[in-house]
Amino acid sequence: MRYQRSSKLFSAASEVIPGGVNSPVRAFKAVGGTPIFVDKAKGAYLYDADGNRLIDYINSWGPMILGHAFPPVIDALVDKAKLGTSFGMPTEIETQIAELAVSMVPNVDQIRFVNSGTEACMSAVRLARGFSAKEKIIKFAGCYHGHSDSFLIQAGSGAVTFGSPNSPGVTKGTAKDTLLATYNNLDSVAKLFEANPLQIACVIVEPVAGNMGCIPPQPGFLEGLRDLCDTYKSILVFDEVMTGFRLAKGGVQELSGVNADIICFGKVIGGGLPVGAFAARHEIMSYLAPLGPVYQAGTLSGNPLAMAAGFAMLKALDSDKELFDRLAKKTAYLHKGIARVLSAHQIEHTINRIGSMISVHFSKIPVVDFETASLANNERFKNFFHGMLAGGIYIAPSAYETWFITDALTYKDLDYTIDAVEKVAKTL
Ligand SMILES: *Cc1c(COP(=O)(O)O)cnc(C)c1O
């Protein structure tokens with residue numbers, strides 16, 4: 001594979017864009033080398049600036065669950081664009097996607113659309129604070145909820161990879177209202193509640209963690225969070241930006257049977273356009289402006305192009321009864337194949353998987369929280385990443401990321417990927 005053109009494009013980008021990228025994890029800092037520039041993508045494949053074809057396991061960090069350039073999404077976008085791209089006035093498509101989303105997700109009556117997952121989580125926490133009239137929040141080490149100030153406290157993937165878990169620019173005043181707990185550890189949460197019984201506005205959690213690799217909740221963890229929130233009259237926020245419309249139609253609420261109070265969305269819900277959303281019961285949503293006192297707004301929120309893409313995506317997910325099973329089967333097949341090869345080469349590994357999310361950790365201890373995720377062999381991951389890339393497979397350039405399986409992947413693609421692991425394993 002040749003990367004001359006990508007290198008040149010990166011040099012040019014670096015002159016005018018800090019680090020050459022508009023989001024840090026794209027920069028390959030954690031694995032070395034220079035990022036690959038994309039020309040186009042279709043189905044399961046990326047085509048880069050040098051004409052290489054790569055099988056894509058990032059899928060825009062999640063949204064492309066049905067593959068790149070999915071025709072119904074592209075058609076909806078093109079049709080909508082011809083009618084004008086933004087009005088700052090209500091449009092019917094906003095109600096259409098809201099009705100569909102609310103019908104797919106358990107336990108919510110209303111949804112508000114924003115422009116990113118970050119905005120969704122930031123607004124959800126403001127709403128939780130406004131509704132509960134309390135100020136502190138509990139988050140988990142290694143969980144990522146976007147880059148707004150209150151969340152940049154041990155924030156998983158990007159933030160961890162760059163060694164700045166507490167980013168300069170976040171004030172001490174803000175940081176003191178974010179309390180840190182340990183994922184899959186209810187005691188750590190109970191202790192924080194006991195020490196601050198009247199002050200916790202909400203617990204925000206990735207109900208399946210995806211930003212320290214993929215870490216499913218252990219049995220009882222989500223149920224326990226629900227109980228603690230009920231006991232202390234706190235709001236439970238599920239950040240389903242990654243898992244929503246990916247692990248099931250109704251996300252992790254549906255999978256686990258545990259209801260949250262506010263649910264955040266992003267990624268899949270926008271069909272590849274910049275969309276986020278948060279949803280809750282009437283009682284909570286009525287606190288939002290213009291009905292209630294909690295302010296939240298956006299010039300481009302509910303943008304018609306974004307809504308058209310999201311609506312086409314959700315319709316496709318809603319109408320395909322076998323989709324989530326099919327995705328889970330493909331992911332299980334990949335898991336089995338990779339595990340077989342790594343075991344045959346006596347390479348220590350732990351593979352976590354749920355639905356269409358999977359992560360490979362080069363350590364043999366179970367990966368259940370941020371600390372155990374951090375104990376993996378990251379030098380080995382770097383070599384693995386570059387070996388896979390040379391074999392035409394694009395996985396996330398960081399050991400703390402989840403791989404996303406798309407419906408566009410064929411079993412032939414999966415076999416090709418497992419063969420690539422076989423070749424790389426010999427060199428690890
Ligand atoms: C990606 C992600 C976010 C942030 O979404 P952006 O659209 O990147 O702002 C928040 N929470 C989780 C769980 C995510 O995976």
Side-chain angles (χ1 to χ4, degrees), residues 21-27 57-65 112-126 128 137 139-162 167 178 183 202-217 222 225 236-247 251-253 255 260 262-279 296 298 300-301 303 306 309-310 313 352 354-359 369-370 373 396-398 400-404:
V21 294
N22 282 310
S23 194
V25 76
R26 295 177 198 167
Y57 285 98
I58 302 186
N59 287 291
S60 187
W61 305 90
M64 303 307 172
I65 188 167
R112 170 69 59 87
F113 285 93
V114 294
N115 305 291
S116 67
T118 295
E119 262 188 82
C121 295
M122 177 186 89
S123 308
V125 164
R126 185 180 306 141
I137 67 170
K139 85 173 276 288
F140 294 89
C143 279
Y144 182 65
H145 307 293
H147 63 94
S148 96
D149 286 1
S150 328
F151 301 128
L152 283 184
I153 323 281
Q154 292 208 16
S157 52
V160 168
T161 301
F162 297 101
S167 170
T178 301
Y183 200 79
C202 69
V203 174
I204 183 166
V205 64
E206 290 180 67
V208 167
N211 285 290
M212 40 184 168
C214 168
I215 303 185
L222 299 177
L225 294 181
L236 180 58
V237 181
F238 274 6
D239 175 356
E240 297 223 44
V241 169
M242 189 181 283
T243 55
F245 305 103
R246 167 167 287 280
L247 292 183
V252 180
Q253 284 195 110
L255 279 188
I262 305 179
I263 301 93
C264 304
F265 298 102
K267 302 196 168 109
V268 174
I269 200 172
L273 268 77
V275 180
F278 56 104
Q296 188 280 321
L300 291 176
S301 292
N303 170 269
M313 177 66 101
N352 284 358
I354 179 168
S356 56
M357 293 165 60
I358 179 170
S359 59
D369 59 13
F370 181 64
S398 156
Y400 292 97
E401 302 289 353
T402 297
W403 309 16
F404 298 106

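Read the numbers this way: they start at 1 and go in the same order the structure lists the ligands and their atoms.
- Annotation for ligand 1: atoms under 4.0 Å from non-hydrogen atoms of Ser116 are 7 (O), 9 (O).
- Judged by distance alone, the side chains of Gln296 and Arg112 do bring a donor and an acceptor atom under 3.5 Å apart.
- Taking the six-membered ring where tryptophan is involved, the planes of Trp403 and Tyr57 are tilted, since the angle between them lies from 30° to 60°.
- How far CG of Asp239 is from CZ of Phe278: 13.0 Å, rounded to the nearest 0.5 Å.
- Side-chain contact between Phe140 and Glu206 is absent, with no heavy-atom pair separated by less than 4.5 Å.
- Counting heavy atoms closer than 4.0 Å to ligand 1, residue Asn211 contributes side-chain atoms (C-beta onward) but none from N, CA, C or O.
- Here the side chains of Phe404 and Met242 are in contact, with some heavy-atom distance below 4.5 Å.
- From the protein, the heavy atom lying nearest to atom 3 (C) of ligand 1 is Val241 CG1, 3.6 Å.
- Looking only at heavy atoms of the protein, atom 8 (O) of ligand 1 is closest to Thr118 OG1, 4.5 Å.
- Under a 3.5 Å cut-off, the side chain of Thr402 and the backbone N or O of Met357 do not form any donor-acceptor pair.
- With a 4.0 Å heavy-atom cut-off, ligand 1 is reached by the side chain of Glu206 but not by its N, CA, C or O.
- Residue nearest to atom 12 (C) of ligand 1, selected from Phe265, Tyr144, Phe151, Phe238: Tyr144 (by heavy-atom distance).
- Distance from atom 1 (C) of ligand 1 to its nearest protein heavy atom, with residue and atom name: Lys267 NZ, 1.6 Å.
- Using modelled atom types, one side-chain atom of Glu240 and one backbone atom of Val252 make a donor-acceptor pair closer than 3.5 Å.
- Shown in contact with Met242 at under 4.0 Å from a heavy atom are these atoms of ligand 1, numbered in order with element: 15 (O).
- What sits closest to atom 11 (N) of ligand 1 on the protein, heavy atoms only, is Asp239 OD2, 2.6 Å.
- Of all the atoms in ligand 1, the ones that sit under 4.0 Å from a non-hydrogen atom of His145 are 10 (C), 11 (N).
- For Ser123, the side chain to side chain donor-acceptor pair (under 3.5 Å) test picks out no residue, with sequence neighbours left out.
- At the top of the distance list for atom 5 (O) of ligand 1, counting protein heavy atoms only, stands Gly117 CA, 3.2 Å.
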